[in-house]
Every structure is written in structure tokens, then in C-alpha cells.
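Just so you know, these numbers use all the heavy atoms, side chains as well, and skip hydrogens, waters and symmetry mates. Only a predicted model underlies this, so the values are computations on that prediction, with no experimental measurement involved.
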Amino acid sequence: MVTKQYSGSPEDADLRRADSLAREIFSDVANKWALLIIEALGERTLRFSELRGEIEGISHKMLTQNLRMLERYGLIERTVHPVVPPRVEYTLTEPGQALRVTIDGLCDWTHRYLGHIDASRHRFDG
């Protein structure tokens, strides 16, 4: 896996550059599954099966891939309890909670303009 490198201060990062780490983060974190996982976790701690039950349509593979990516970015914390069978729980970290505020805003925006967007799509497609 090739990962873009980061150097300098966050204020100096040019988000429009093709080789920007920020663009890689945007691409990974702004996918539909990652957004729904962060929203589903909220302020709770959930097990894998509970998360899968909260997000209709997500496959085992997609949930696993997105949880690993979110853990890699430090947005969720994975806790394995030493019991048989192993119990694994997921919770948002501080940066994950901060991102959730933005996602909540996006969800609010979607609810507010869903009717407008649906009507516009029908006009455009008609």
C-alpha cells in the first residue's frame, strides 16, 4: 500500500495537490460506509455485529475494511477483550468525535434538502 507522505505544518498543506495526504484522507473518510459507521457509533461503544445491524446493506467485508481504515487514521479505537470467543468493541476517539460533528451537519443538510434534491433530479432526468 502506497501512502502519501506529510511534512510541514497543517496550515501549509495544499489540499488541492494530487499528492496531498489530505486528499487521501478525504477519499477514504468521505465514503458512504465510513460516514455511516461514524454516525452509527456516535457516543456509543458497539460490537462488530451491532455495527453491522445498525448499517443496512453493509457487507462483512466492507465493514471490516472501513473499520480498519478508520482505526488506521485514529478515528476509532478497537478493543479486544480476552474472552472465548473474543469480544471486540469499537468506539470513536476524540478526533472521531470531532469528525462526527461535521458528519452530523452533513446529515442535517441532507434531511433539510432531500425533497429539493429529489425534485431537481426528477426535473433534470425528465
side-chain contact (heavy atoms from CB on, under 4.5 Å) assessment of Leu75 paired with Leu99: CA-CA 8 Å; Leu75 301 176; Leu99 179 57; 3.9 Å; yes
side-chain contact (heavy atoms from CB on, under 4.5 Å) between His60 and Thr64, intermediate numbers included: CA-CA 6 Å; His60 186 279; Thr64 300; 3.7 Å; yes
Criterion side-chain contact (heavy atoms from CB on, under 4.5 Å) on Val88 and Arg78, from CA distance to verdict: CA-CA 7 Å; Val88 181; Arg78 178 178 181 264; 3.7 Å; yes
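Here the side chains of Tyr90 and Thr45 are not in contact, with every heavy-atom distance at 4.5 Å or above. By the 4.5 Å heavy-atom criterion applied to side chains, Glu71 and Glu77 are not counted as neighbours. Contact of the Ile76 side chain with the Thr91 side chain is not registered, since no non-hydrogen atoms from C-beta on lie closer than 4.5 Å.
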Let me check something: any side-chain donor-acceptor pairs from residues 27-42 under 3.5 Å, sequence neighbours excluded? List them with distances.
{"residue": "Asp28", "atom": "OD2", "partner": "Tyr73", "partner atom": "OH", "Å": "2.5"}
{"residue": "Asn31", "atom": "OD1", "partner": "Trp33", "partner atom": "N", "Å": "2.8"}
{"residue": "Asn31", "atom": "OD1", "partner": "Ala34", "partner atom": "N", "Å": "2.9"}
{"residue": "Asn31", "atom": "ND2", "partner": "Asp28", "partner atom": "O", "Å": "2.6"}
{"residue": "Asn31", "atom": "ND2", "partner": "Asn66", "partner atom": "OD1", "Å": "3.0"}

Just distance, no hydrogens or angles: give the donor-acceptor pairs under 3.5 Å from side chains in residues 116-126, sequence neighbours left out.
{"residue": "Asp118", "atom": "OD1", "partner": "His122", "partner atom": "NE2", "Å": "3.4"}

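Using a 4.0 Å cut-off between a side-chain N of Lys or Arg and a carboxylate O of Asp or Glu, Glu54 and Arg44 qualify as a salt bridge. The existence of a salt bridge linking Glu50 and Arg52 is excluded, since no basic side-chain nitrogen approaches an acidic carboxylate oxygen closer than 4.0 Å.
Hydrophobic clustering (ILVMFWY, side-chain heavy atoms < 4.5 Å, transitive): Leu70 and Val101 are in distinct clusters. Tracing side-chain contacts under 4.5 Å through hydrophobic residues (I, L, V, M, F, W, Y), one reaches Val80 starting from Phe48; they form part of the same cluster.
Put simply, OG on Ser49 and CZ on Arg87 are 11.5 Å apart, with the number rounded to the nearest 0.5 Å.
Contacts classified as side-chain hydrogen bond (donor to acceptor under 3.5 Å, both in side chains) and involving residues 93-103 (residues at least two apart or in different chains) are not found.
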